[in-house]
Amino acid sequence: MSDFIEWGALGQVLVAGVLVGAGIPALFALGLRLLAGTTADAAPAADPGAAPEPGAATATPRPTPLRLAGAVLCLVVVVGAVATGLFVVVSGGH
Amino acid sequence: MIEAVTEMLLLALVVVTALAFDFTNGFHDTGNAMATSIATRALKPKTAVALSAVLNLVGAFLSLAVAATIAKGIVDAQVITLPVVLAGLVGGIIWNLLTWLLGIPSSSSHALVGGMVGAVLAAVGTSGVLWTGVVSKVLVPALLAPLIAIAVAGLGTWCVAKLTRGVPQDLTNRGFRWGQIGSASLVSLAHGTNDAQKSMGIILLALIAGGAVPADAGVPLWVILSCAIAMALGTYLGGWRVIRTLGKGLVEIDTRQGMAAETSSAAVILLSSHFGFSLSTTHVATGSVLGSGVGMPGAKVRWSVAGRMFVAWALTLPAAGLVGALCHWIESAIGGTAGFLAVFGVLVISSAAIWVVSRRKPVDHTNVNEEWDEAKGADIEAVAATTGEAGGERIAPVPAVATASSVGPAIESVGTISGPGTDAAPKGDVR
């Protein structure tokens with residue numbers, strides 16, 4: 001059976017897949033959660049989706065600078081991962 | 001002189017058929033990238049397929065690193081001739097169209113591999129097939145891909161669900177829509193890069209076998225161009241039936257699940273190729289959608305729909321193989337150019353027949369998002385039963401004599417329509 005399954009490659013795919021494939025959505029969700037409660041004008045820096053509709057959540061308190069920084073960090077990592085994915089496609093390394 | 005002309009004609013037929021396969025590959029696989037974005041209304045249906053088409057087109061030009069033949073390592077390269085390539089392609093196309101008719105997302109690559117393997121088996125017997133390659137490159141990945149994708153997408157969805165609890169839904173919807181569009185775009189791009197190259201590889205192989213280009217030639221520009229355009233056109237037309245099954249049939253999906261599923265698909269597809277463990281785009285995408293239902297607390301997964309799909313996956317290789325083998329038998333029973341034209345005629349006629357059947361219950365961008373109810377599911381099953389019979393007739397093992405007589409009418413019709421028929425085939429597929 002070991003002739004038919006490349007266990008090494010399979011393991012790498014599984015581990016990396018879980019880290020990236022589940023980690024990115026989780027980070028994205030975390031970023032949004034940290035942003036939640038903010039007015040939309042804090043968002044455009046990293047989250048273009050929030051830009052076109054300002055004032056959606058004006059009643060809720062603004063996030064602390066720490067939360068905002070955390071959110072931006074999360075979303076930057078996500079964008080970075082997408083850029084890396086693009087780079088992998090373009091460089092034909094797959 | 002006549003021989004040279006005949007050879008050119010055969011070569012042209014193979015190229016046209018390869019482009020037709022590329023086209024079916026495009027519209028069969030649109031759903032892999034865009035079904036969830038359409039289902040969650042992150043994108044309008046037409047916008048989604050247009051975006052996917054453009055990205056497939058761009059993707060086809062991005063990289064030629066793997067413009068090798070898909071049959072490499074699976075069948076003996078020595079035995080591949082133009083008739084074998086044609087028979088294999090026809091097997092792949094017919095299976096692709098049948099599964100599209102039933103709205104089942106099945107792997108286009110497996111259909112192609114199945115067709116090729118069947119054609120080679122019919123041509124030279126079991127010695128022409130590298131069975132270890134078939135098992136390790138096709139069967140095992142087919143089994144593992146959905147499992148990996150379900151695990152990844154399930155975990156991702158679960159994390160997302162936990163993390164976004166209590167966050168206002170309009171905020172998560174807006175955010176995740178963009179995330180979903182981004183990750184779906186990445187899947188489209190990767191599909192264009194991977195799958196268009198398979199057709200390019202086959203056309204290159206045919207050109208070399210036909211002596212049109214030297215054996216060490218690179219992929220000519222017109223081949224890249226025509227493959228990219230054929231796939232983009234197919235993608236733009238949209239396999240609405242498959243999109244509907246993926247987006248509405250398996251799981252009722254929201255934007256958070258859609259984003260998690262598409263990210264999982266993109267990550268697993270790119271990583272698996274990166275680590276040299278190639279997985280089918282379709283199997284990964286389907287597994288991801290299932291996983292997003294498994295991981296979401298309270299979400300319902302329609303396992304009956306999934307079960308029907310798994311059956312189709314298991315059948316893909318043997319069924320496409322049978323069609324491929326049958327086509328090769330027809331070719332050799334009739335012999336020469338006439339046999340070649342007969343097989344091409346079989347392709348045109350069965351494509352047209354499948355298209356006619358599909359018109360009875362059309363699925364397009366207007367009704368792709370309609371509610372999925374169990375009665376409709378049963379409806380689709382009824383259609384499955386009738387086409388299954390038709391398919392069974394066609395792919396049943398037929399003795400050579402019977403084949404010759406049953407194909408007689410086909411040859412006659414091909415003789416009269418072969419000129420316009422060549423043009424009519426893609427149009428028939430188009431609608």
Side-chain angles (χ1 to χ4, degrees), chain A residues 1-38 40 43 46-53 56-57 59-60 74-75 78-79 81-94, chain B residues 59 62-66 132 135-136 139-140 144 148-149 151-168 170-172 174-179 182-183 186 189-190 193-194 256 259-260 263-279 288 295:
Chain A
M1 216 36 200
S2 57
D3 286 349
F4 294 137
I5 302 184
E6 299 164 43
W7 289 108
L10 174 63
Q12 283 171 317
V13 170
L14 195 59
V15 171
V18 166
L19 281 180
V20 180
I24 296 297
L27 269 180
F28 194 80
L30 186 63
L32 280 186
R33 187 186 180 84
L34 290 172
L35 273 184
T38 179
D47 180 15
E53 298 170 49
T60 43
C74 286
L75 296 176
V78 170
V79 171
V82 172
T84 311
L86 265 178
F87 178 75
V88 170
V89 172
V90 173
S91 64
H94 65 110
Chain B
L62 276 185
S63 153
L64 289 174
V66 284
T132 317
V135 173
S136 67
L139 294 184
V140 169
L144 293 176
I148 295 176
V152 171
L155 192 64
T157 308
W158 184 81
C159 291
V160 166
K162 287 280 165 204
L163 283 166
T164 53
R165 207 165 44 185
V167 178
D170 61 328
L171 183 68
T172 59
R174 260 186 291 139
F176 278 99
R177 260 178 204 163
W178 281 99
S183 46
L186 212 52
L189 206 58
T193 320
N194 273 331
R256 297 175 296 170
M259 191 268 182
T263 312
S264 154
S265 297
V268 173
I269 290 165
L270 291 177
L271 286 167
S272 66
S273 337
H274 180 72
F275 289 121
F277 192 80
S278 231
L279 299 176
S288 292

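Everything numeric in this text was worked out from a predicted model, so none of it was measured. Below, all heavy atoms of this structure are taken into account, side chains as well, without hydrogens, waters or symmetry copies. Here is how names work: the chains are called A, B, and so on, in the same order as the sequence lines, proteins then strands, and each is numbered from 1.
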### Message
So, applying side chain to side chain contact (heavy atoms under 4.5 Å, CB included) with Pro25(A), which one of Thr263(B), Leu163(B), Val152(B) is it?
### Response
Thr263(B)
### Query
Can you list the residues that meet the side-chain hydrogen bond (donor to acceptor under 3.5 Å, both in side chains) rule with Thr157(B), with sequence neighbours excluded?
none
### Task
Check side-chain contact (heavy atoms from CB on, under 4.5 Å) between Leu86(A) and all other residues, then give those that pass, not counting sequence neighbours.
Leu186(B), Leu189(B)
### Task
Could you check Ile148(B) against Leu10(A) for side-chain contact (heavy atoms from CB on, under 4.5 Å), going step by step and ending with a plain yes or no?
CA-CA 9 Å; Ile148(B) 295 176; Leu10(A) 174 63; 3.5 Å; yes
### Message
Could you report the tightest heavy-atom contact between Gly175(B) and Phe28(A), atom names first, then the distance?
### Response
O-CZ, 3.3 Å
### Task
Give the minimum heavy-atom separation between Ala26(A) and Cys159(B), together with the two atoms involved.
CB-CB, 3.8 Å
### Message
Please give me the minimum heavy-atom distance between Arg165(B) and Arg33(A), naming the atom from each residue.
### Response
O-NH1, 2.7 Å
### Query
CG of Leu14(A) to CG of Leu271(B): how many Å apart, nearest 0.5 Å?
11.0 Å
### Message
So which atom in Leu32(A) and which in Leu171(B) form the shortest heavy-atom distance, rounded to 0.1 Å?
### Response
O-CD2, 4.0 Å
